[in-house]
Amino acid sequence: MSRLELHDVTDKNLRELTEFPLRPGQDQFVAPVVQSIAEAYVTPTAWPRAILDGDEVVGFVMANFDPDNELEAFRCGIWRLNVAAGAQRRGVGRFAVEEVAREARRRGRDRMTVLWVEGEGGPEEFYLRCGFVPTGERVFGQVLGVRATVGLD
């Protein structure tokens, strides 16, 4: 996974983005990419990106940068992270988290958030390994995690 890059969502990668499969059961923890892209279309502060390994779409990440949002959870953070089943456990998700952190730092933000649904096979362990710490707060029934935007390498 040495050629990972983020790219804008375009007509050239849209089909691949909306068709890559997750592992069985993961769809209960994250919205489909097509729904995320629709939400990004109507949310000016959303930052949707395709994750490519060379020419292959291996994932999707959508962050939100809205420093004036009344809810801290939505000022700077990851809204969605989908990684193709065949690309999981190869650093794609960690790459996406660090790229969102890099963009957040570029925008002057020193912390970022993520929300996750708890459950067997869910993303909680992944986000904890990426340095997110649960705040004890729930937003829309999901766990709110926060971390600094500096890398944890």
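Note: Phe95 CZ to Arg90 CZ = 13.5 Å, rounded to the nearest 0.5 Å. If you take CZ on Arg49 and CE on Met62, they are separated by 11.5 Å, rounding to the nearest 0.5 Å. Taken from CZ in Arg80 to CG in Asn64, the straight-line distance is 11.0 Å, to the nearest 0.5 Å. Put simply, CZ on Phe140 and CG on Leu71 are 6.5 Å apart, with the number rounded to the nearest 0.5 Å. Asp27 CG to Asn82 CG: the interatomic distance, rounded to the nearest 0.5 Å, is 10.5 Å. Note: Leu81 CG to Trp116 CH2 = 13.0 Å, rounded to the nearest 0.5 Å.
For the pair Leu14 and Val9, the minimum side-chain heavy-atom distance is below 4.5 Å. With contacts defined as side-chain heavy-atom distances shorter than 4.5 Å, the pair Thr10/Asn13 qualifies. Proximity of Phe60 to Val30: side-chain heavy atoms (C-beta onward) are nowhere separated by under 4.5 Å.
Remark: the backbone N or O of Asp53 is not paired with any side-chain donor or acceptor of Glu56 at under 3.5 angstrom. Using modelled atom types, no side-chain atom of Thr43 and backbone atom of Ala40 make a donor-acceptor pair closer than 3.5 Å. Looking only at distances, no side-chain donor or acceptor of Glu118 sits under 3.5 Å from a matching main-chain atom of Glu124. One N or O on the side chain of Thr149 and one on the backbone of Arg109 form a donor-acceptor pair closer than 3.5 Å. One N or O on the side chain of Gln28 and one on the backbone of Gly25 form a donor-acceptor pair closer than 3.5 Å. The closest donor-acceptor contact from the side chain of Arg147 to the backbone of Cys130 lies under 3.5 Å. No donor-acceptor pair closer than 3.5 Å links the side chain of Asp66 to the backbone N or O of Phe74.
Between Arg107 and Glu103 a salt bridge is recorded (basic side-chain N to carboxylate O distance below 4.0 Å). A salt bridge links Glu72 with Arg111: at least one charged nitrogen is closer than 4.0 Å to a carboxylate oxygen.
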Decide yes or no on side-chain contact (heavy atoms from CB on, under 4.5 Å) for Val143 and Arg138, but give the supporting numbers first. CA-CA 5 Å; Val143 175; Arg138 290 188 167 280; 3.7 Å; yes
Let me see the working for Tyr127 and Leu115 under side-chain contact (heavy atoms from CB on, under 4.5 Å), right down to the final yes or no. CA-CA 9 Å; Tyr127 286 123; Leu115 298 172; over 6 Å; no
Start with the C-alpha gap between Phe29 and Leu22, add the side-chain angles, then the distance that decides, and say whether side-chain contact (heavy atoms from CB on, under 4.5 Å) holds. CA-CA 11 Å; Phe29 298 106; Leu22 301 174; over 6 Å; no
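Under the 4.5 Å side-chain heavy-atom criterion for grouping Ile, Leu, Val, Met, Phe, Trp and Tyr, Ile37 is not connected to Ile51 through any hydrophobic cluster. By the rule that hydrophobic residues join a cluster once side-chain heavy atoms approach within less than 4.5 Å of another member, Val92 and Leu128 end up as members of one cluster. A continuous path of ILVMFWY side-chain contacts below 4.5 Å connects Leu6 to Met112, so both sit in one hydrophobic cluster. Both Val100 and Phe126 sit in one connected hydrophobic cluster of ILVMFWY residues. Membership requires side-chain heavy atoms under 4.5 Å apart, directly or through other members. Cluster annotation: Leu4 is connected to Val97 through the hydrophobic network of ILVMFWY side chains, with a link wherever side-chain heavy atoms come within less than 4.5 Å.
Across all non-hydrogen atoms, the minimal contact from Arg105 to Val150 is NH1-CA, 3.7 Å. Shown here for Gln88 and Gln26, the closest heavy-atom pair between the two residues is NE2-OE1, 2.7 Å. Nearest heavy-atom pair, Asp55 versus Arg3, reported as atom, atom and distance to 0.1 Å: N-NH2, 3.8 Å. Closest approach of Ala73 and Leu144 over heavy atoms only: CB-CD1, 3.7 Å. Closest approach of Val33 and Phe20 over heavy atoms only: CG2-CZ, 4.0 Å.
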